[in-house]
Each structure stands twice: as structure tokens, then as C-alpha cells.
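Read through the structure below, which is laid out as C-alpha cells, and then see the notes.
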Amino acid sequence: VARGSLSTHTLQLGNETVTGHELLVLKKTSQPLVDHFGHEFATQFAQDPITFFAALPRPQQQVVGAMARNAAAAGLH
């Protein structure tokens, strides 16, 4: 379920949520994406994080969502 503007956008993944803010933080600190998925994946993610994230299969959404939450929690913005 998605709602709101880019920065307040929220996606529900089971018991977890991922916010647009968290995805934007991950966009700025893309090294975890490069390390796990490769440069092309990270480049495509950076072009439109929310749309790209929403189009991913659920297992990849869970991994990227965890990366985004961790980056935001670590204050990497």
C-alpha cells in the first residue's frame, strides 16, 4: 500500500514498513546496493527509488527495505 508524497511515501511489507525518506537516504548512500546487487541495480534505483522499489519482487523489496531502514537509522543522510 502506497500513499503520500515522495518523502512521506510509505510501503507496507508484511509487518515492516519502508518510507520514501528511508529510500531517499539509501539513494544517497548507495554502496550497500552496489555491494549486494551491483552497479546497474544501484544506478536504476537512484533514478527513481520509490517506483523502482515498488516494482521489485518481494524478496528484493525485503532486502532493500532493510538496507534503507538501516541507512536511515544510522543517520547516513
Side-chain angles (χ1 to χ4, degrees):
V1 175
R3 62 183 184 276
S5 69
L6 183 66
S7 63
T8 60
H9 200 90
T10 303
L11 294 145
Q12 188 73 34
L13 295 173
N15 294 334
E16 302 287 338
T17 59
V18 179
T19 67
H21 171 74
E22 291 166 336
L23 293 172
L24 292 175
V25 169
L26 184 58
K27 173 186 171 180
K28 294 177 188 176
T29 60
S30 65
Q31 194 59 47
L33 290 173
V34 172
D35 292 345
H36 194 83
F37 295 106
H39 182 71
E40 182 64 28
F41 183 100
T43 300
Q44 290 178 10
F45 177 85
Q47 292 174 3
D48 186 354
I50 293 172
T51 302
F52 185 79
F53 178 83
L56 291 172
R58 180 113 163 154
Q60 284 81 8
Q61 283 182 339
Q62 291 171 325
V63 172
V64 173
M67 289 178 177
R69 285 190 299 277
N70 290 341
L76 299 175
H77 45 81

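Not measured: the values here are computed from a predicted model.
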Return the minimal non-hydrogen interatomic distance between K27 and A46, and the atom names on each side. CE-O, 3.1 Å

Among K28, H21, E22, which one satisfies side chain to side chain contact (heavy atoms under 4.5 Å, CB included) with V25? H21

How long is the gap from CD1 on I50 to CG on L24, to the nearest 0.5 Å? 5.5 Å

Taking only residues two or more places apart in sequence or in another chain, which ones pass side chain to side chain donor-acceptor pair (under 3.5 Å) with E40? Q44

Do you know which of L33, D35, T29 makes side chain to side chain contact (heavy atoms under 4.5 Å, CB included) with Q31? D35

Restricting to side-chain contact (heavy atoms from CB on, under 4.5 Å), what partner residues turn up for E16, sequence neighbours left out? R69

Could you go through residues 51-66 and list every donor-acceptor pair under 3.5 Å that involves a side-chain atom there, pairing it with any protein atom two or more places apart or in another chain?
from: T51; atom 1: OG1; to: D48; atom 2: OD1; distance (Å): 3.3
from: T51; atom 1: OG1; to: D48; atom 2: OD2; distance (Å): 2.8
from: Q61; atom 1: NE2; to: F53; atom 2: O; distance (Å): 3.0
from: Q61; atom 1: NE2; to: A54; atom 2: O; distance (Å): 3.2
from: Q61; atom 1: NE2; to: L56; atom 2: O; distance (Å): 3.4

